Amino acid sequence: MKPQERLDELSKVASGLSQAEFESEALGLSPQEQRLFEYLRNQGEVNTIEVRQKLAIGNVSSAAMFLNRKFEEAGLGARIICDTRPLTNRFGHRTQIGWWRLAEVNESAA
């Protein structure tokens with residue numbers, strides 16, 4: 001599809017969409033990538049359990065990896081980042097859990 005055709009298509013669907021929905025459409029995200037992107041954009045930082053339960057994404061790392069690749073291809077200064085934090089599970093065992101967020105990439109770090 002030519003760039004102008006893509007822009008024409010986007011302008012037709014843009015009416016009534018939130019900013020996150022429009023950006024998801026513009027990036028051509030898969031349904032799973034779209035859910036992750038929009039949720040992080042709207043909610044901020046969330047843990048792996050919440051992502052799995054609310055978004056039905058089993059492998060959050062994989063979804064984030066593919067989404068980051070699309071951000072890079074589009075030349076966006078954004079990335080999905082995961083930080084791990086300690087957690088004591090319901091059995092009293094110490095473990096770690098991932099906390100996911102959408103972050104701007106620092107140009108000097110690239």
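Keep in mind that what you see is a predicted model, and the values were worked out from it rather than measured. Residues: numbered from 1 along the sequence shown.
- Among all heavy-atom pairs drawn from Gly98 and Cys82, the shortest one is CA-SG, 3.6 Å.
- Shortest non-hydrogen contact noted between Leu36 and Ala64 is CD2-N, 3.9 Å.
- Looking at every heavy atom in both residues, Gln96 comes nearest to Thr84 through OE1-OG1, 2.9 Å.
- A centroid separation of 6.0 Å or more is found between the aromatic rings of Phe66 and Phe71.
- Within the 4.5 Å cutoff, no side-chain heavy atoms of His93 are placed close to those of Thr88.
- Separation of atoms CD1 (Ile57) and OH (Tyr39) is listed at 10.5 Å; rounding is to 0.5 Å.
- Glu50 and Asn47 make their closest contact through N-OD1, 2.8 Å (heavy atoms, listed as atom of the first residue, atom of the second, distance).
- Between Val60 and Arg52, the closest side-chain pair of non-hydrogen atoms falls below 4.5 Å.
- Hydrophobic side-chain contacts under 4.5 Å tie Trp99 into a cluster, directly or through other members, with Ile49, Leu87, Ile97.
- Enclosure of atom CD in Glu72 is not indicated, since only 12 or fewer non-hydrogen atoms of other residues, nucleotides or ligands lie within 6.0 angstrom.
- Rounding to the nearest 0.5 angstrom, the gap separating the CD atom in Glu73 from the CG atom in Asn68 is 11.0 Å.
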Would Trp100 and Ser61 count as a side chain to side chain contact (heavy atoms under 4.5 Å, CB included) here? Give the steps. CA-CA 9 Å; Trp100 301 89; Ser61 296; 3.7 Å; yes
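- Scanning all heavy atoms of the two residues, the minimum distance from Ala56 to Gln32 falls at O-NE2, 4.2 Å.
- Of the inter-residue distances, the one linking Leu102 atom CG with Glu38 atom CD reads 11.5 Å to the nearest 0.5 angstrom.
- Taking the charged nitrogens against the carboxylate oxygens, Glu33 and Arg69 have no contact shorter than 4.0 Å, which rules out a salt bridge.
- At distances below 3.5 Å, not a single donor-acceptor pair connects side-chain atoms of Arg101 with backbone N or O atoms of Ile81.
- Taking CD1 from Ile80 and CG from Leu67, the interatomic distance works out to 4.5 Å, rounded to the nearest 0.5 Å.
- One distance of note links CZ of Arg35 with NZ of Lys54; it measures 14.0 Å at 0.5 Å rounding.
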